[in-house]
Amino acid sequence: MNDTAKGYWVGHVTVDDPQAYQAYRAANAAAFAKYGARFLVRGGAMEVVEGDLRPRTIVIEFPSLAAARACYLSPEYQHALALRTPVSDADICIVEGWIG
């Protein structure tokens, strides 16, 4: 049994320029592959039942909290982030999974 908690990125994003956002999606693939990321939620239909959220939700799973942090801070992701920042607004947190 693996008793190491996984790490997750949970994000809520507003994309202002969908065409330009495609460059970010292409660029983030290198960082996500390097750190073992797996999308669990990537946009899609959603219903906000409490509070306020941005229109796009993402949940990305990593093998560990350390890998999730390392990916965000990596040169590969920072390059992708520079492409995303001008064309979107986001709220993103890195969170430790529950082993239960």
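Starting from 1, each residue takes its place in the sequence as its number. Because the structure is predicted, anything quoted here is derived from the model rather than measured.
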Lys NZ or Arg CZ of R69 over Y72 ring: under 6.0 Å, within 45°: no

hydrophobic_cluster_shared for F39 and L65, side chain cutoff 4.5 Å: yes

Separation between OG of S64 and OH of Y8, rounded to the nearest 0.5 Å: 11.0 Å

Joint cluster assignment, I60 & V10, ILVMFWY side-chain distance < 4.5 Å: no

Residues that S74 engages under side chain to side chain donor-acceptor pair (under 3.5 Å), provided they are two or more places apart: E76

Joint hydrophobic cluster, M46 plus L40, side-chain heavy atoms closer than 4.5 Å: no

Connected via hydrophobic side-chain network under 4.5 Å: F62 and V59: no

Pairwise distance NE2(H12) to CG(D91) - rounded to 0.5 angstrom: 8.0 Å

Any residue meeting side chain to side chain donor-acceptor pair (under 3.5 Å) with Y77, in chain and number order, not counting sequence neighbours: Y24

Heavy-atom pair with the smallest gap, counting every atom of R56 and G43: NH1-CA, 3.6 Å

Test item: W9 side-chain N/O and I58 main-chain N/O as donor-acceptor pair under 3.5 Å: no

Residue pair T57 / V41: nearest heavy atoms and the distance that separates them: O-CG1, 3.5 Å

Between NZ on residue K6 and CH2 on residue W98, distance to nearest 0.5 Å: 15.0 Å

Closest approach of A27 to L83 (non-hydrogen atoms, all atoms of both residues): CB-CD1, 3.7 Å

Candidate pair V15 and V87, rule side-chain contact (heavy atoms from CB on, under 4.5 Å), full reasoning: CA-CA 6 Å; V15 177; V87 299; 5.6 Å; no

Distance in Å, S88 OG paired with D17 CG, rounded so as to fall on 0.5 Å steps: 10.0 Å

